[in-house]
Engineer: 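This is the structure I have questions about; it appears just below.
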Amino acid sequence: MPFSYYRRLSARQRRIYDKSDAVTRVEVPQPERLRRDVDAVAAALRQENRRATEEAAGALGAALLSALKVSGVRVRVLAARPSHDWGELHGLYEPEDEEYRAKVSLWMRTAQRAQVVAYRTFLRTLLHELCHHLDYELFELPESFHNEGFYKRESSLFHQLVPKR
């Protein structure tokens with residue numbers, strides 16, 4: 001079932017949305033090979049070290065995209081999340097353009113209390129932003145929509161990278 005904003009999309013955008021919505025999984029070859037990178041993100045967050053978190057998130061992103069045979073992105077980890085009356089920004093994907101490589105920005109601290117975000121939340125945010133990149137580069141979609149298929153793809157990545165306890 002399409003989200004409410006679907007009605008406001010053009011016919012072209014609806015075709016893209018529907019194509020995107022039909023893709024519900026990203027199959028990672030040998031996801032266990034990425035577990036060390038996932039663990040490094042968790043360890044860096046526990047240390048509350050921004051630079052180490054950025055390096056670990058960047059390494060995980062690079063390893064995941066390489067496994068999927070997709071071009072890389074630059075990953076930046078910043079301090080406290082920006083916020084406004086609309087809420088807090090957790091992450092941001094900026095597609096490649098003529099001058100710059102695609103970029104993912106993540107914030108590791110909450111806006112109000114400046115507490116380090118929970119590891120699973122941070123990891124899901126990273127995967128969410130990487131899913132936007134995959135929409136463009138792997139699935140060759142001209143736009144990346146937040147639809148049910150998108151959230152299922154994000155979840156499929158998470159469950160492949162984080163084993164059940």
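Remember, it's a predicted structure, so these values are computed and weren't measured experimentally.
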Engineer: Of the non-hydrogen atoms in Arg50 and Val77, which two are nearest, and what is the gap between them?
Structural biologist: NH1-O, 2.8 Å

Engineer: Between Ser156 (side chain) and Val26 (backbone), is there a donor-acceptor pair under 3.5 Å?
Structural biologist: yes

Engineer: With heavy-atom distances below 4.5 Å as the criterion, would you say the side chains of Leu92 and Val104 are in contact?
Structural biologist: no

Engineer: Any sub-3.5 Å donor-acceptor pair from Ser66's side-chain atoms to Ala63's backbone N or O?
Structural biologist: no

Engineer: Taking C-beta and beyond as the side chain, do Leu64 and Val70 meet within less than 4.5 Å on heavy atoms?
Structural biologist: no

Engineer: Minimum heavy-atom separation for Ala44 to Ala56, with atom names?
Structural biologist: CB-CB, 4.4 Å

Engineer: Could you point out which residue of Leu141, Leu130, Val23 forms a side-chain contact (heavy atoms from CB on, under 4.5 Å) with Asp135?
Structural biologist: Leu141

Engineer: Judged by modelled atom types alone, do Tyr5 and Asn147 share a side-chain donor-acceptor pair under 3.5 Å?
Structural biologist: no

Engineer: Against the six-membered ring of Tyr119, is Arg124 placed for a cation-pi contact (under 6.0 Å from the centre, within 45° of the normal)?
Structural biologist: no

Engineer: So which heavy atom on Ala57 is nearest to which on Val75, and how close?
Structural biologist: CB-CG1, 3.9 Å

Engineer: Please determine whether a side-chain nitrogen of the Lys or Arg among Arg51 and Glu55 lies less than 4.0 Å from a carboxylate oxygen of the Asp or Glu.
Structural biologist: no

Engineer: Go through the steps to decide whether Leu65 and Leu138 satisfy the test side-chain contact (heavy atoms from CB on, under 4.5 Å), and finish with yes or no.
Structural biologist: CA-CA 9 Å; Leu65 296 175; Leu138 182 64; over 6 Å; no

Engineer: Taking the basic N atoms (NZ, or NE/NH1/NH2) and the acidic carboxylate oxygens, is any pair closer than 4.0 Å for Arg12 and Glu143?
Structural biologist: yes

Engineer: Quick one: does any side-chain atom of Gln13 pair with a main-chain N or O of Ser10 as donor and acceptor, under 3.5 Å?
Structural biologist: yes

Engineer: For side-chain contact (heavy atoms from CB on, under 4.5 Å), just list the numbers for Glu129 and Leu106, CA-CA rounded to whole Å, side-chain angles, deciding distance to a tenth of an Å, and then say yes or no.
Structural biologist: CA-CA 9 Å; Glu129 302 309 332; Leu106 307 164; 4.2 Å; yes

Engineer: Would a line drawn from the ring center of His133 to the ring center of His128 be shorter than 6.0 Å?
Structural biologist: no

Engineer: Let me see the working for Met108 and Phe122 under side-chain contact (heavy atoms from CB on, under 4.5 Å), right down to the final yes or no.
Structural biologist: CA-CA 7 Å; Met108 67 177 278; Phe122 184 87; 4.2 Å; yes

Engineer: Could you tell me whether Glu96 and Arg101 make a salt bridge, using a distance below 4.0 angstrom between a side-chain N and a carboxylate O?
Structural biologist: no

Engineer: So, Thr125 side chain and Thr121 main chain: donor-acceptor pair closer than 3.5 Å or not?
Structural biologist: yes

Engineer: Can you tell which of Phe150, Phe139, Tyr93 makes a side-chain contact (heavy atoms from CB on, under 4.5 Å) with Ser144?
Structural biologist: Phe150

Engineer: For Asp21 versus Gly149, what's the shortest heavy-atom pair and its separation?
Structural biologist: OD1-N, 2.7 Å

Engineer: Flag the pair Glu48 and Arg109 as a salt bridge only when some basic side-chain nitrogen lies within less than 4.0 angstrom of an acidic carboxylate oxygen.
Structural biologist: yes

Engineer: Judged by atom type as modelled, is there a donor-acceptor pair below 3.5 Å linking the side chain of Arg46 to the main-chain atoms of Val41?
Structural biologist: no

Engineer: Which heavy atom in Arg35 sits nearest to a heavy atom in Gln160, and how many Å separate them?
Structural biologist: NH2-O, 2.8 Å

Engineer: Can a side-chain donor-acceptor contact be found between Arg25 and Ser155 if the only test is distance below 3.5 angstrom?
Structural biologist: no

Engineer: Would you mind reporting whether Leu134 and Arg153 have side-chain heavy atoms less than 4.5 Å apart?
Structural biologist: no

Engineer: Say you draw a straight line from CD of Gln115 to OG1 of Thr110; how long is it, rounded to the nearest 0.5 Å?
Structural biologist: 5.0 Å

Engineer: Between the main-chain N or O of Asn49 and the side-chain N or O of Thr53, is there a donor-acceptor pair closer than 3.5 Å?
Structural biologist: yes

Engineer: Can you give me the closest heavy-atom contact between Ile16 and Pro142, atom names plus distance?
Structural biologist: CD1-CG, 3.4 Å

